[in-house]
Amino acid sequence: MSNGVKNGDMEAFSGKDVSKKREDYLNWPDYFMAVAFLSAMRSKDPCSQVGACIVNAQNKVVGIGYNGMPFGCSDDDFPWGKESDSKVENKYFYVCHAEMNAILNKIVGELRGCHIYVAMFPCNECAKLIIQSGISEVYYFSNKNWNKDECIATRKMFDAAGIKYTQYIPTRRQIVIDFDTIDWNKVSQAQDPPTPKKKRTSS
Ligand SMILES: Nc1ccn([C@H]2C[C@H](O)[C@@H](COP(=O)(O)O)O2)c(=O)n1
Ligand SMILES: [Zn+2]
């Protein structure tokens, strides 16, 4: 070929040069925010699904969480509403926030110097956990609660404690995982599709 690319390095039909590094791979911050949002998809909260992803200085994910009921508190029995006159009938007293779960789910001894990517700006309770855990930077996607008292308190604490907080909007408008378009399971000879794994029953 005239462009110096050997025939063997061009993937059949697609015209893709498979001898070169991909250029359109996910950058780290988009990846971490996407992990937070993927985790949020596990949430049972009908109004706001929030996810959080903690990463260390080596860009390793060391904690992931989403908003949900505490262990032992069935998300079929505890309330998901927020309109009841009785506070004990609303979700807020019970739900563990995404940041709290990500911190408690950590897979390393300590989180000093780690960064957290979270779908929503942290409330004051999570702000305290973030500060006490040693996390030094917060990247949030939504600021919809920015003017609520709890977020004003969060900013006061973050400013005092020297925690950097930055809104992070991923550089891509969409990150799609479409299993229908992934055809790695196609082999040259016809083969039965893999048997689906047994569904886990826990929440
Ligand atoms: N930074 C945040 C903010 C909120 N959450 C959780 C707490 C609730 O489950 C839900 C908010 O419910 P809404 O008032 O929008 O009905 O999101 C969180 O985990 N982290
Ligand atoms: Zn919170």
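One-based numbering, in listed order, for ligands and for the atoms of each.
- For the pair Asn67 (side chain) and Val50 (backbone), a donor-acceptor distance under 3.5 Å is present.
- Closest heavy-atom contact between Tyr139 and His115: CE1-ND1, 3.9 Å.
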Asp159 and Tyr165: CA distance, side-chain angles, deciding distance, side chain to side chain donor-acceptor pair (under 3.5 Å) verdict: CA-CA 9 Å; Asp159 290 341; Tyr165 47 96; 2.8 Å; yes
Which atom pairs, donor and acceptor, lie under 3.5 Å between side-chain atoms of residues 116-125 and protein residues at least two apart or in another chain?
residue	atom	partner	partner atom	Å
Glu125	OE1	Lys128	NZ	3.4
Glu125	OE2	Lys128	NZ	3.3

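- Counting only residues at least two apart or on different chains, the side-chain hydrogen bond (donor to acceptor under 3.5 Å, both in side chains) pairs with a member in residues 103-114 are Glu110-Arg112.
- Ser43 places no side-chain N or O within donor-acceptor distance of the main-chain N or O of Ala40, the cut-off being under 3.5 Å.
- With Tyr66 as the partner, the side chain to side chain contact (heavy atoms under 4.5 Å, CB included) test is satisfied by one option alone out of Glu99, Arg42, His97: Arg42.
- Taking all atoms of both residues into account, the shortest heavy-atom contact from Trp80 to Lys91 is O-CD, 3.5 Å.
- Atoms CZ and CE, on Phe141 and Met33 in that order, are 7.5 Å from each other to the nearest 0.5 Å.
- Residues lining ligand 1 at a heavy-atom distance below 4.0 Å are given as Asp45, Cys47, Ser48, Val50, Asn67, Lys82, Lys91, Tyr92, Val95, His97, Ala98, Glu99, Met120, Phe121, Pro122, Lys144, ordered by chain and residue number.
- The number of protein N, O or S atoms lying under 2.8 Å from the Zn ion (ligand 2) is 3.
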